[in-house]
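Beneath this line is the structure, given in structure tokens, with notes to follow.
Counting from 1, the numbers follow the sequence of the chain as shown.
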Amino acid sequence: MEYLEKNNLYWQGKYYAPNVENFIFRMYGRILKFDYGIDGSQGESVFDFGMGQGGNLNFFHQLGFNVFGVDIARNDIEIAKKIMPEKADQFKVISPQPEPELKFFPEFFNSPEDGFDIVISIQTFSFLSNTDSNKAIKCIYNQMKPGAKIYVSWCGENHYYKNHATPLGDGLWEVKFNNGRVDYDLRYNFVKNKDDLKEKFKLFKPIYLDHYDASFREEGSEFRYTFFGIKE
Ligand SMILES: C[S@@+](CC[C@H](N)C(=O)[O-])C[C@H]1O[C@@H](n2cnc3c(N)ncnc32)[C@H](O)[C@@H]1O
């Protein structure tokens with residue numbers, strides 16, 4: 001797939017994101033801990049799809065969670081391994097092409113009852129077409145325990161990138177612009193609204209559909225929808 005190669009090339013550069021994002025520690029306190037009593041004390045597993053340098057995973061690691069993650073960016077996975085050397089075997093470089101039947105860590109999860117307790121994926125699904133994001137969601141779903149929780153963020157149509165986007169089909173848009181700070185030529189998938197997001201994650205029982213937003217240098221809204229759901 002040509003678009004996957006283009007996005008892959010982009011992500012082979014470094015994406016400097018060393019720290020936990022505020023919406024992750026807020027989600028932890030407000031949902032995982034408050035609603036479900038999940039706090040890491042039982043060594044619950046957390047898997048991050050598109051983990052980058054592992055800033056979010058390191059937060060969970062320090063709380064006692066057993067952390068796993070994958071990304072297409074080799075440089076970033078190497079940095080995560082240095083930050084959490086004791087978990088280096090649990091971070092992997094994967095192919096950009098999702099495969100529904102792929103098992104990311106067959107060496108750790110052998111029986112059908114095994115699987116992740118928590119899954120997070122922050123600002124990663126936006127880089128996949130509708131067809132490929134469905135494959136990735138199925139792949140992740142297959143590797144979660146019954147009752148496991150998932151928290152995902154996905155770019156909304158009101159994000160300013162949409163002002164620079166031309167439709168390509170299968171949910172993808174060509175996002176091309178240079179604002180002096182960034183020079184982008186990416187293939188991007190925007191979520192229309194909460195119903196659209198719920199539909200994308202229809203394998204899961206939806207619990208909370210929320211959002212976060214920010215703007216810097218008056219460049220425009222960086223709006224993302226979030227989905228919190230359960231594998232029943
Ligand atoms: C905006 S960054 C977010 C990184 C990290 N989740 C965070 O919050 O710091 C998007 C990440 O998605 C990864 N990515 C892009 N396409 C991917 C794919 N097809 N499969 C897995 N990861 C992908 C990139 O390499 C990058 O690390």
Side-chain angles (χ1 to χ4, degrees), residues 1 3-5 7-8 11-12 24 32 36 38 40 42-61 63-154 170 189 200-206 227-232:
M1 261 290 176
Y3 89 91
L4 286 171
E5 279 159 29
N7 282 347
N8 186 29
W11 286 111
Q12 295 314 310
I24 288 290
L32 289 180
Y36 299 102
I38 298 173
Q42 309 301 309
E44 300 93 333
S45 54
V46 177
F47 169 71
D48 189 347
F49 179 72
M51 64 179 280
Q53 300 184 342
N56 292 325
L57 280 184
N58 196 25
F59 166 76
F60 287 107
H61 176 51
L63 286 168
F65 288 88
N66 188 18
V67 295
F68 295 82
V70 297
D71 203 289
I72 58 173
R74 190 167 297 279
N75 282 335
D76 289 342
I77 292 286
E78 288 311 314
I79 289 168
K81 286 183 177 188
K82 287 199 183 110
I83 294 170
M84 293 168 272
E86 58 281 43
K87 295 291 171 186
D89 293 347
Q90 298 180 193
F91 306 143
K92 277 189 186 166
V93 179
I94 55 162
S95 154
Q97 175 60 66
E99 300 291 348
E101 300 313 321
L102 178 71
K103 295 272 183 286
F104 296 123
F105 298 97
E107 63 278 30
F108 288 97
F109 300 103
N110 300 314
S111 81
E113 307 85 60
D114 286 347
F116 303 119
D117 295 306
I118 317 285
V119 169
I120 59 169
S121 183
I122 303 305
Q123 296 167 201
T124 296
F125 278 103
S126 301
F127 298 97
L128 292 170
S129 68
N130 289 342
T131 305
D132 288 333
S133 56
N134 278 338
K135 288 181 185 170
I137 292 168
K138 181 82 177 101
C139 168
I140 291 167
Y141 176 89
N142 287 342
Q143 297 176 77
M144 293 168 68
K145 282 180 191 163
K149 321 287 185 284
I150 185 166
Y151 182 69
V152 173
S153 79
W154 198 317
D170 199 13
N189 192 329
K200 288 182 188 301
F201 288 91
K202 59 176 183 278
L203 288 174
F204 298 92
K205 178 181 176 189
F227 176 89
F228 186 94
I230 297 184
K231 172 175 175 171
E232 290 192 297

_Aromatic centroids of Phe68 and Phe109 separated by under 6.0 Å_ = yes
*asked:* Quick check on the 6.0 Å ring-centre criterion: do Phe125 and Phe201 meet it?
replied: yes
Can you tell me how far apart [atom1] ([X]) and [atom2] ([Y]) are? Round to the nearest 0.5 Å.
X: Ser153; Y: Ile24; atom1: OG; atom2: CD1; answer: 7.5 Å
X: Ser95; Y: Leu102; atom1: OG; atom2: CG; answer: 8.5 Å
X: Lys81; Y: Asp89; atom1: NZ; atom2: CG; answer: 7.5 Å
X: Ser133; Y: Asp170; atom1: OG; atom2: CG; answer: 8.0 Å
X: Ile230; Y: Tyr36; atom1: CD1; atom2: OH; answer: 3.5 Å
X: Phe91; Y: Asp71; atom1: CZ; atom2: CG; answer: 11.5 Å

Just so I know, are the side chains of [X] and [Y] near enough to count as touching, which here means a heavy-atom distance under 4.5 Å?
X: Leu128; Y: Pro98; result: yes
X: Phe116; Y: Ile150; result: no
X: Ile137; Y: Phe204; result: yes
X: Phe104; Y: Lys92; result: no
X: Phe228; Y: Leu32; result: yes
X: Gln90; Y: Met84; result: no
X: Asp117; Y: Phe65; result: no
X: Met51; Y: Asn56; result: no

Has the side chain of [X] got a donor or acceptor atom that lies under 3.5 Å from a matching backbone atom of [Y]?
X: Lys231; Y: Met144; answer: yes
X: Gln12; Y: Ile72; answer: yes
X: Asp48; Y: Leu57; answer: no
X: Glu5; Y: Pro96; answer: no
X: Ser45; Y: Asn66; answer: no
X: Thr124; Y: Ile122; answer: yes

_Result of checking Asn134, Val152, Asn189 against Lys200 for side-chain contact (heavy atoms from CB on, under 4.5 Å)_ =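 Option passing the side-chain contact (heavy atoms from CB on, under 4.5 Å) with Lys200: Asn189.
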*Is there a donor in the side chain of Ser111 and an acceptor in the side chain of Glu113, or the other way round, less than 3.5 Å apart?*
yes
_Does the plane of the ring in Phe47 sit parallel, tilted or perpendicular to the ring in Phe49? Use 30° and 60° as the thresholds._
tilted
_Testing the basics here: between Lys103 and Pro106, what is the closest heavy-atom pair and its distance to 0.1 Å?_
O-CD, 3.3 Å
*At their closest point, which heavy atom of Pro100 faces which heavy atom of Lys138, and how far apart are they?*
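Nearest heavy atoms, Pro100 then Lys138: CB-CG, 4.0 Å.
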*asked:* Test side chain to side chain donor-acceptor pair (under 3.5 Å) on Asp132 and Tyr3; report intermediate values, then the result.
replied: CA-CA 11 Å; Asp132 288 333; Tyr3 89 91; 2.7 Å; yes
